[in-house]
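One-based numbering, in listed order, for ligands and for the atoms of each. Since this is a predicted model, take the numbers as computed values, not measurements.
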Amino acid sequence: MREKRRLGRSIGLVPTMGALHDGHLSLLKASVEENDISVVSIFVNPTQFNNQEDFEKYPLHIEEDLEKLSKNKCDVVFLPDQGEIYRDKTRLKFHFGSLEKVMEGKFRPGHFNGVAIIVSKLFNIIQPDTAYFGQKDLQQFTIIKLLNEQLDFGIKLRCMPIMREPNGLAMSSRNLRLSSAGIETASIIYKIINKSAELLLTGNSISNVKSFVENEFKNSEARLEYFEIVSLIDMKSIRKIKSGEECALCIAAYVEDVRLIDNTLLTL
Ligand code: PAF
């Protein structure tokens, strides 16, 4: 990669954990359009899983992934094994202050430390000009932005829109673990997010919208872990509506023991 850079060719990186879906391919498409060389990394990163079972059950579809990548103009696949990435037990600890005290940080202790370790390693190994991430992991993107700034990686970061199944369910590798009934149940997540956005825009208070969400989940097979309306700048919960403020409505919920997240952006 150093050689390619030296020759003045731009490099786009799409970091993934495999089990690729159209969401990942939309990141690759953007990279192919904007760079000379597109690299996709596939690595199921153990340090970002706070739940061993989730790690063990994470879907692996390497053959299909490689086929999708070659059909979609990926130039380089980086497919390291655990030993190459983690030669020794890593001792690094990243702290992101209040950014990691809410939502994913709160419910998945250590998750963002693991994300920051692997993303720093990938940035150093691949040395991309631009890196592409999905908006579904909005808090992750905010953390990576901070990491990029604070460690002076100098990489351009792109946050690409969420891709959805026909029923509205946000695309995720974890959807592969759902039955067809589960996929139907999970469509409630996006419906509730959309309805909540509508309620906020038509003058309902934050506490009313929160009660609405809790009630909707009580009447469904899905189990709500959190629903938060947060500022786009610092991911802190918004308590009072300020006209013009940019926010995100974020949900994490379990369907058939599979943890799913989703969000939408909104200007109040
Ligand atoms: O978003 C993901 O798939 C992962 O968190 C990432 C960024 C590839 C790091 O392992």
Knowing that exactly one of Glu34, Arg158, Lys156 qualifies, which makes a side chain to side chain donor-acceptor pair (under 3.5 Å) with Tyr132? Glu34

For Pro15, the ligand 1 atoms whose distance to one of its heavy atoms is below 4.0 Å: 8 (C)

Establish, yes or no, whether the cationic atom of Arg174 lies under 6.0 Å from the six-membered ring centre of Tyr58 and within 45° of the ring axis. no

Out of Lys136, Met17, Gln48, His24, whose heavy atom sits nearest atom 9 (C) of ligand 1? Gln48

So the atoms of ligand 1 within less than 4.0 Å of a heavy atom of Ile118 turn out to be 9 (C), 10 (O)

Relative to ligand 1, is Ile144 under 4.0 angstrom through side chain, backbone, both or neither, heavy atoms considered? neither

Number the atoms of ligand 1 from 1 as they appear, then name those within less than 4.0 Å of a heavy atom of Asp137, with their elements. 1 (O)

Looking at atom 1 (O) of ligand 1, what's its closest protein heavy atom, distance included? Gln140 NE2, 2.9 Å

Ring-face cation contact, Tyr254 with Arg223, 6.0 Å cut, 45° max: yes

Hey, is the main chain of Leu25 close enough, under 3.5 Å, to the side chain of Asn72 for a donor-acceptor pair? no

Please assess Tyr226 against Phe107 for the test ring pair (Phe, Tyr, Trp, His ring centres under 6.0 Å), listing each intermediate value before the final yes or no. CA-CA 9 Å; Tyr226 66 72; Phe107 287 95; 5.5 Å; yes

